[in-house]
Novice: 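My questions will all concern the structure given below.
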Amino acid sequence: MTDTLPGTTVGATAGVVGSTATTRPAPVAGAAGAAPAAGAAPAAGAAGAAGRAPLDPYALRSDFPILATQAHGRPLVYLDSAATSQKPRVVIEAVDTFYREYNANVHRGIYEIGERATAAYEGARASVARFINAPSAREIVFVRNATEAINLVAATWGRTTIGRGDVIVLTEMEHHANLVPWQLLVQEKDGDLEFIPITDDGLLRLDVFEVLLRLKPKLVAFTHVSNTLGTITPVAEITALAHAAGALVLVDGAQAVPHLPVDVQALGADFYAFSGHKMLGPTGSGALWARRELLEAMPPYMAGGEMIREVHLRRSEWNDVPWKFEAGTPDIAAAVGLGVAAEYLIGLGMDRVAAHERELVVYALETLRREVPGIILYGPPAGQRGGVIPFNLPDVHPHDVAQVLDRFGVAIRAGHHCTMPLHERLDLVATGRASFSVYSTREDVDALVAGLREAQRIFAG
Ligand code: PMP
């Protein structure tokens, strides 16, 4: 194989702090990893604050140390942010500082570092609440990830609410995390699952949804943004229809919070689940938001220390919400890091993040169509999708494509992306998927294009 990928400016553009332009800055060799960010404020690229110049991903990149590294001797081109995002220095440092300076358990220690740990942990909860405009930090339950958030709702609200013959409506494009917990629940309770179908472009068939609502479902649970097709679902509209039919609504926000402004009050849903590691936070962090009265009514999820107010040999009383759902020692460092990630994104402005990724999707779809003959692109039009580009090259397995791309330092995901039923619906074995985040650039897309052309050349011969 010959290495024909053109050099990119990846990781070499840090010296543009304060730049308000989206134009490609001149490379500044060796500048990556420059000045560390102070507090949770982005080091660069968001400086426009209220002036709100468009997000400058080139300037932001110096906040992300890993983007200055190499893979196979090439600058890392990270196009797998839907699997997990990279982390800005402020998040890495927040975790490091916790362990170095005030590692102690929370809600317990009557001593200085214990109080500092508790304040940081609860402060992070307040930041996460602000990030999604929750009415109260008491409505934020810290969990490990979106999977745990959804399992928590299924195991508590679900087990006490769903009975024989009760219907839960999902969609055909759910991540397994928002499918399998409901399968287990209806198997146990003898309930039923129904599915909102999708069009071939990956849009939800709301006309069929309205028919399904005649079954009087107890819950409608669906993704805000599809991790495979990128489809942005009309959450407020679906929620209004579901509520009018008497159903509660759970939204899987794992792929939405990193990319779109999310206001849980405006959306009107009842439960909103998301992971921290996809929104620039540490692995092991995530949150469930639910309306306070629901959290109050739900039984505990796991039991043990922290989640109790009083324990006697034969009975116990539960702690207040949200601590009723946080049994045992939590991942304090991860939660603190998540709070910093939320503040970082608030600082960037999620409207600017969304606009940046929308622009990149338009560029990617156009460039791939033009430059990679025969490429098959899936998903809805640019205006209706987040920063996810699923594709296939005819007659080449996406794993092989991903392997060739890897040789050029380009990281994409290949497989079923934990949406096997969606792949079945589209009659696909697997897809390649490139996905974006705040730090993604047109040069990343160009590197993908060059790698795909190389893959085509290799597999044609
Ligand atoms: N829902 C969606 C839409 C996702 O993309 C993912 C992660 N790929 C999840 C849920 C599960 O997230 P986690 O693995 O962090 O629990």
Side-chain angles (χ1 to χ4, degrees), residues 78-87 91 128 132 141-155 170-184 195-196 198 202 204 220-235 238 249-260 262 267 269 271-289 301 331 334-335 337-338 341-342 357 378-380 384-390 411-423 425 430-437:
Y78 188 71
L79 288 172
D80 199 16
S81 293
T84 196
S85 71
Q86 298 303 344
K87 322 301 176 201
V91 168
V128 170
I132 58 166
V141 180
F142 279 134
V143 290
R144 279 180 302 148
N145 47 39
T147 302
E148 187 173 44
I150 296 167
N151 274 276
L152 188 161
V153 177
L170 309 173
T171 83
E172 284 182 336
M173 62 183 180
E174 295 313 307
H175 188 281
H176 299 163
N178 195 31
L179 170 60
V180 184
W182 307 117
Q183 290 176 346
L184 286 179
F195 298 90
I196 308 174
I198 58 164
L204 292 178
V220 178
F222 60 99
T223 190
H224 193 164
V225 176
S226 160
N227 66 310
T228 302
L229 297 175
T231 313
I232 301 173
T233 58
V235 175
I238 295 175
V249 170
L250 178 141
V251 178
D252 173 356
Q255 297 292 348
V257 288
H259 310 291
L260 306 174
V262 170
L267 293 175
F271 304 101
Y272 198 94
F274 56 98
S275 306
H277 68 93
K278 295 180 198 285
M279 54 168 280
L280 316 183
T283 53
S285 68
L288 168 71
W289 169 79
Y301 179 40
D331 192 335
L338 176 59
E357 293 184 20
Y378 308 99
Q384 289 163 289
R385 77 156 96 193
V388 176
I389 310 284
I412 65 153
R413 173 107 180 245
H416 55 62
H417 319 300
C418 296
T419 53
M420 290 180 89
L422 172 63
H423 279 75
R425 157 67 183 83
T431 45
R433 180 187 72 183
S435 54
F436 305 135
S437 185

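Order of appearance sets the numbers: ligands from 1, and atoms from 1 within every ligand.
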Novice: For atom 11 (C) of ligand 1, what is the closest protein heavy atom, and at what distance to 0.1 Å?
Specialist: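 In this structure, atom 11 (C) of ligand 1 has T147 OG1, 3.5 Å as its nearest protein heavy atom.
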Novice: Would you say D252 touches ligand 1, if touching means a heavy atom closer than 4.0 Å?
Specialist: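 Heavy atoms of D252 do come under 4.0 Å of ligand 1.
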Novice: So H175 and T223, side chain to side chain donor-acceptor pair (under 3.5 Å) or not? Walk me through it.
Specialist: CA-CA 8 Å; H175 188 281; T223 190; over 6 Å; no
Novice: Take T84 and S275 through the side-chain contact (heavy atoms from CB on, under 4.5 Å) test and state the conclusion after the steps.
Specialist: CA-CA 9 Å; T84 196; S275 306; over 6 Å; no
Novice: Report the part of T223 (side chain from C-beta onward, or backbone N, CA, C, O) that has a heavy atom under 4.0 Å from ligand 1; answer both or neither where that applies.
Specialist: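 Only the side chain of T223 comes within reach of ligand 1.
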Novice: Among protein heavy atoms, which sits nearest to atom 5 (O) of ligand 1, and what does the distance come to when rounded to 0.1 Å?
Specialist: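 Of every protein heavy atom, Q255 NE2, 2.7 Å lies nearest to atom 5 (O) of ligand 1.
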Novice: Do T228 and T419 have a side chain donor and acceptor closer than 3.5 Å?
Specialist: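 T419 and T228 do have a side-chain donor-acceptor pair below 3.5 Å.
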Novice: Taking a cutoff of less than 4.0 Å between a non-hydrogen atom of the residue and any ligand atom, is H417 in contact with ligand 1?
Specialist: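 False for this residue.
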Novice: With atoms numbered from 1 as shown, which atoms in ligand 1 lie under 4.0 angstrom from a non-hydrogen atom of S275?
Specialist: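 Those of ligand 1 that fall under 4.0 Å from S275 are 12 (O), 13 (P), 15 (O), 16 (O).
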Novice: To the nearest 0.1 Å, how far is atom 7 (C) of ligand 1 from its closest protein heavy atom, and which atom is that?
Specialist: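 So the nearest neighbour among protein heavy atoms is K278 NZ, 2.6 Å.
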Novice: As a quick check of understanding, evaluate ring pair (Phe, Tyr, Trp, His ring centres under 6.0 Å) for H416 and H176, giving each step before the final call.
Specialist: CA-CA 10 Å; H416 55 62; H176 299 163; 5.8 Å; yes
Novice: Does E172 reach the main-chain N or O of I198 with its side chain, forming a donor-acceptor pair under 3.5 Å?
Specialist: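 Yes, E172 side chain to I198 backbone: donor-acceptor pair under 3.5 Å.
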Novice: Does L204 form a side-chain contact (heavy atoms from CB on, under 4.5 Å) with T231? I'd like the steps, not just the answer.
Specialist: CA-CA 9 Å; L204 292 178; T231 313; 5.7 Å; no
Novice: Which residue and atom name correspond to the protein heavy atom nearest atom 4 (C) of ligand 1, and how close is it?
Specialist: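 Nearest protein contact, heavy atoms only, for atom 4 (C) of ligand 1 is H175 CD2, 3.3 Å.
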Novice: With a heavy-atom distance limit of 4.0 Å, tell me whether E148 approaches ligand 1 through its side chain, its backbone, both, or neither.
Specialist: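 It is neither; nothing of E148 touches ligand 1.
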Novice: Would you confirm whether R433, through its side chain, and N227, through its main-chain N or O, come within 3.5 Å as a donor-acceptor pair?
Specialist: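 The answer is yes, because a donor-acceptor pair under 3.5 Å joins these two groups.
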